Structures are given as C-alpha cells and as structure tokens.
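Everything numeric in this text was worked out from a predicted model, so none of it was measured. So you know, we letter chains A, B, ... as the sequences are listed, proteins then strands, and number each from 1.
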Amino acid sequence: MSALETRTDAQAAIAAATRPRRWGFWYVAEHRFRVMRSYTGTVVVAGIGSPVLYLYALGVGLATIVDASGTTIGGVSYLVFVAPALLASAGITAATEEFSYPVFLGYKWNPTFTGIHSSPITPHQIVDGVIVSVVVRLTVNMVLFYLLMLVFGAVPSATGFLAILAGLLGGLAFGTMLMSYTSTLEDDTGQIAMVMRFIVLPMTLFSGTFFPLAQFPLWLQWIGWISPLWHSTELARVATYGYAEPVWLTAVHVLVLVGLAVFGWVLSRRIAVRRLEK
Amino acid sequence: MPEPVIVARDLVKTYGELSAVDGISFEVAAGESFGLLGPNGAGKSTTMRMVGAVSTRTSGELSILGLDPDGSGPEIRSQLGVVPQADNLDTELRVRENLLVYGRYFGLPRRQVAARADELLAFAQLEDKGKAKVDALSGGMKRRLTIARALINDPRILLLDEPTTGLDPQARHVLWDRLFRLKEQGTTLLLTRHYMDEAEQLCDRLVVVDKGVIMAEGTPAELIRRYSTREVLEVRFGSDRNAAVAEQLHGIGERVEVLPDRILVYTDSGEADLVRITEAGLRPVTSLVRRSSLEDVFLRLTGRSLIE
Ligand SMILES: Nc1ncnc2c1ncn2[C@@H]1O[C@H](COP(=O)(O)OP(=O)(O)OP(=O)(O)O)[C@@H](O)[C@H]1O
Ligand SMILES: [Mg+2]
C-alpha cells in the first residue's frame, strides 16, 4: 500500500515535469520577452534611429569626402562599403546589451535565475531561453537595419538579405562569450563598463569597420582576425555587395563565428550549473 | 503511518573547508509540518536548498516523494513550492506578471495560470496591486507575493525559509492562518525559523540544528518537557549587576542562566521563586514569569541565545 502510494507520488512528479523538461527553455524566453516588452520602445526607436543616424552620417556625410577624392573601396562607394559593417556592429551592440547587465542581474543583484531554478526549469534551460530570446530580439534589430540599408540604396547585391544572418551570428558569437563572462561576476565594480570601453569600442575600431583591415600594419591586424565583428562584417560585405574574397575565407568566417557562439553557449551552461546548483 | 515524503539520511554539504550541513537525518511524513530551528549559520537554508533540489548534496541520501534530487530535480521541483529566505521576484515585471511567468515554468496553460494568479493575489491581499511594479511594494508585500508565487502550482510540499521575515503582526497572523489551512488540505510543510513564536503551534515536529548537526528532535511540547522546566522567571538587576546577583541565586529554581541583560531562572513555579528572591533581600528592577518556549530549549542545548 505505502509502496504504491510513493510510486504514485513519483509518477505524478514525472508526469508534471514532462512539459517543463521539453519546453522549459521557451518559458524562460517568454519571461525575457515580457521583460523586453517594457523597453520595446527603446529597442524599436534605437533599432531604427541609430541605423538612420549612422547610415546618414557615415554613408552619406563622410561618403561625400571619400567618394569625391575619386577613390572607391574595392570598387564600391563608401556607403556600400560601410553599411554592412554598421549592421554587424549594431548586432554586437544589441547582443552586448542583452548579455551583460540582464545576465548579471539574473544571478546576482535580483537573482531571478535563482527563482526560476526553484521551478522545474534547469540551469541549462535558463541559458538556452536567454539565448533564444536574444536571437529573436537580434533578428528584429537586424531586419530593421537591413530594410533601412535598402532605403539608403546600400545593397547592390541580390543576396543582401543574408547580411541579416551575418549580423545575427556575429552578435551571438560575441554575446554568448560575454554571457559566460558576466555569469562569473560576483560583483560589478565596473567590469561590465570596462568590457564596453576596452573590448567593444576597440573592436569596432580595429575590425575593418570604417576602412579595410589591410590598411593597418600587420602587427595590428590580428585584432581583426580574432574579432567576431570583423568576421561578421566581412560576411555581411560578401552578402550585400559581393565583396571578393576567397571562398575558404568566407567559410572561415562562418566557422569562427559558429565556433565562438557554441563555445560561449556551452561555457555559459556549465557556469550556470556550477553557480545555481552550488 | 504513511510513507515519508522527505527522507534525509546523513546529509552533508560542504563549501570548501566548511561543513554547512554535517550529517543531518530526518523524515517528514505526508501532510506533516516539520520545522528546522536554529541560529544564524546553522545550515537551515542549505538544508532547504538541498531538499528543494537546487543544491547538490556532498554526500548522504536524500529522497523527495520517492525521487532522488540528483537526476530528478525537475520532477521534484514540479511538486514543490519554495519561499526562499531572500525574495527573488523579477523587479522588472509587474506584480501579476510575476505570477503569470512563474506559473508557465510548471508547464501550466496560460488560462489556468491567469485564473490561479488572480486567486493568489486575493490570497496575498494584493488584489489592487496587480499592475504595480514590484519595486513599489513594501517589504512585507513582496514577501506575500513570494509566498503567493510559491503556491502557483498547488504544491504537494511547501518549503518556507523564514517566511515571516519582514511581515507586520497582522500579515503574519494572516500567513499563519493560511498555512494552517494548507496543512488541513494535506500540504506538507517544511519551515525554518530562528525564533519560533507561532511556529511552535504550527509545527507537528521539529529539529533543533546548530553548526550543521541536529541537537534534538521532537514535538514542541516534548522538547520543552525534555530540555526545560514548566516555567521561566526572568529577572533584571541592571546589566552591571546581573552576574554578581546570579551568584547568590544558588538553590533557587532548577537551573539559572545569566544573559547579558537578564537572569533566567528555570523552575516549576516562577511566582514562588520570585518570592524567595525578594525575601533574600534582592530587588530586581523588573521581573516576569512565563511558560518555557523553544527559545529556552535552544539556550539549554547550545548555551547560546537564538535571537542575537
Ligand atoms: N554558497 C555558499 N558558499 C559558501 N558558504 C556558504 C554558502 N551558503 C551557505 N554557506 C555557509 O554555510 C553555513 C550555513 O549557512 P545557511 O545559510 O544554511 O545558514 P542558516 O541556518 O540558513 O542561517 P540564517 O538563520 O542566517 O539564515 C554558513 O556558515 C554559511 O556561511
Ligand atoms: Mg537561512
């Protein structure tokens, strides 16, 4: 009798956990969407406003000087050259927003991740759900950006829409690595601001964003090679104006970005287990 | 005797050198209310987190509803309601949204979660705060919301870590009333307190924990009978005189305990002993006779006061 009773308890528990086991990551994403809803305004305004500003200032403003000097970059106008890089850069920026403070807060100051973990959701699902929600947000950002590029006439190639994927991949590659770092923070005594200042900003300057990486001396070019932004930018350029690079190099971009994204994802999952189950 | 829903045997949790929980064994039957009583750092929350299947045990056996938290965490947690010591509500969401989001984590359909959320807001007396920001709630209201959230899945077992922290007497009263009702409905309760008050009446059984080990186990009445006297006479002579006066109290009561601010005389008749003290020419500034409580049990067992 009593053995039977325990079995029903356990069976009830097993039945109740089936859906969370399968869909837990999505419930976490739903939660994140709700939080994002409170700043949808900002996401949309920034998602439209900042591409317009950048495309106009650099692609139209600065371009008048560059193009007037009669030089083209690899045979295209400055607008066409810089636009895909701005898109890639926007992807990194949005990913940085989502994977820095929100993740830190989840673990620490207002430990919502601890709260979620008290439900049937696992640490892995928490990480997965956060990533899924950012993928959705990034896609919105990248699509908006791409549409504005079209408006500015910055996309000569028919394969241009693939730049959306390039931006997404770049954001994830950098973002998941950043998440694995912010997941380890016990206190924020300025580390996150340091990441912005000493990693994100220099990365933008040394990733062939505003001029080709080859303009730099070789001893500085390595920054570009290890920069997700450079790989994502180059991919976006191949997509939007058929930037000529060897096929193997294009493959390398994809591999590096996917590799980083997966590495950051797996690492973040491990850290989540260590941190939440201790 | 129904099969226990929680079985812990030689449960150990170490953090580096420190043994936060150092070989704890207990069983909780279905529908029972079980308390963990102990001072700060005793290992109560650590035990709760292991039972809650969120913290991996270092060694020992643990079974919740017949399942092992190692490997069956989600299954176990699907049947639990957890009120952690520190609130971890999502302050970026509104009050009702916190319940909606949390209900989803149990795989419950949206419609059902919404209905349940409204019931629980009423339960927590937060009906008119549903749209408020969490940060705009008082500490006590946040606590009530945390408790409401723990009930979103109709849990079989409710884990309450210092549930009344931050509640005013009125809210506390309401909470105990609700807990009694849940108990009547057959919910198993596991709760920690560092001071016992009303919990003394709610707990069927409890263990006194100190430094990660169990010092005593029993019903509140048993523990008081075993480790204390029927009454306690509290006398104060002023903090500089207490120790000196205590010397002269030999032979009065069964046992005398000197605390910084007062002297406790353990006795079967406080009034009679108070008379003897005054007859001896000692004039306490204040005096009080009360029933023994778990606080006294604790003092006896550990030589330390529960409330610092
Ligand atoms: N994550 C952790 N890492 C290291 N040490 C920890 C950790 N959690 C708890 N401890 C230590 O374990 C011991 C028991 O802590 P625990 O929180 O279980 O005590 P408690 O009985 O709940 O106390 P309180 O009444 O203050 O809530 C303490 O010495 C604490 O410092
Ligand atoms: Mg505690």
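For the atom pair NZ (Lys133(B)) and OG (Ser38(A)), the distance works out to 7.0 Å, reported to the nearest 0.5 Å. The distance from atom CD of Gln11(A) to atom CG of Leu65(B), rounded to the nearest 0.5 Å, is 12.5 Å. In this structure, Asp87(B) CG and Thr114(A) OG1 are separated by 12.0 Å, a value rounded to the nearest 0.5 Å. Atom-to-atom distance recorded for Ser118(A):OG and Met48(B):CE is 11.5 Å, nearest 0.5 angstrom. To the nearest 0.5 Å, atoms CZ (Arg19(A)) and CZ (Phe106(B)) are separated by 14.0 Å.
Residues Arg34(A) and Leu100(B) meet the side-chain proximity criterion, which asks for heavy atoms closer than 4.5 Å. By the 4.5 Å heavy-atom criterion applied to side chains, Gln79(B) and Asp9(A) are not counted as neighbours. At a threshold of 4.5 Å between non-hydrogen side-chain atoms, the residues Leu93(B) and Arg37(A) do not count as touching.
Atom NZ of Lys142(B) has more than 12 heavy atoms from other residues, nucleotides or ligands within 6.0 Å. Within a 6.0 Å radius of CZ in Phe263(A), no more than 12 heavy atoms belonging to other residues, nucleotides or ligands are found. Counted within 6.0 Å of CZ on Phe34(B), heavy atoms from surrounding residues, nucleotides or ligands total more than 12; the atom is thus considered enclosed. Under a cut-off of 6.0 angstrom, the local environment of OH in Tyr56(A) is sparse, with at most 12 non-hydrogen atoms contributed by other residues, nucleotides or ligands. Remark: Met194(A) CE is loosely packed, at most 12 non-hydrogen atoms of other residues, nucleotides or ligands lying under 6.0 Å away.
Listed options Leu89(B), Leu80(B), Ile64(B), Thr58(B) were ranked by heavy-atom pairs under 4.5 angstrom with chain A; first place goes to Leu89(B). Most heavy-atom pairs under 4.5 Å with chain A, from the set Met50(B), Arg149(B), Glu92(B): that is Glu92(B). Comparing Thr122(A), Val28(A), Thr18(A) by how many heavy-atom pairs each has under 4.5 Å with chain B, the most go to Val28(A).
Contact detail for His31(A) and Asp90(B): the closest heavy-atom pair is NE2-OD2, 2.6 Å. Across every non-hydrogen atom of Glu75(B) and Ile14(A), the tightest pair is CG-CA, 3.6 Å. Here the shortest heavy-atom pairing between Asn88(B) and Pro111(A) reads CB-O, 3.4 Å.
Only the backbone of Ser72(B) comes within contact range of chain A, with at least one heavy atom under 4.5 Å from a heavy atom of that chain. Proximity to chain B is limited to the side chain of Arg21(A), based on heavy atoms less than 4.5 angstrom apart. Interface residue Val54(B): backbone and side-chain heavy atoms are both found under 4.5 Å from chain A. Interface residue Leu276(A): only backbone heavy atoms are found under 4.5 Å from chain B. For a residue to count as touching a neighbouring chain, one of its non-hydrogen atoms must lie under 4.5 Å from one of that chain's; by this rule Arg94(B) does not touch chain A.
A perpendicular orientation is assigned to the rings of Tyr27(A) and Tyr105(B), their planes being inclined by more than 60° (bins at 30° and 60°).
No donor-acceptor pair closer than 3.5 Å links the side chain of Ser78(B) to the backbone N or O of Pro120(A).
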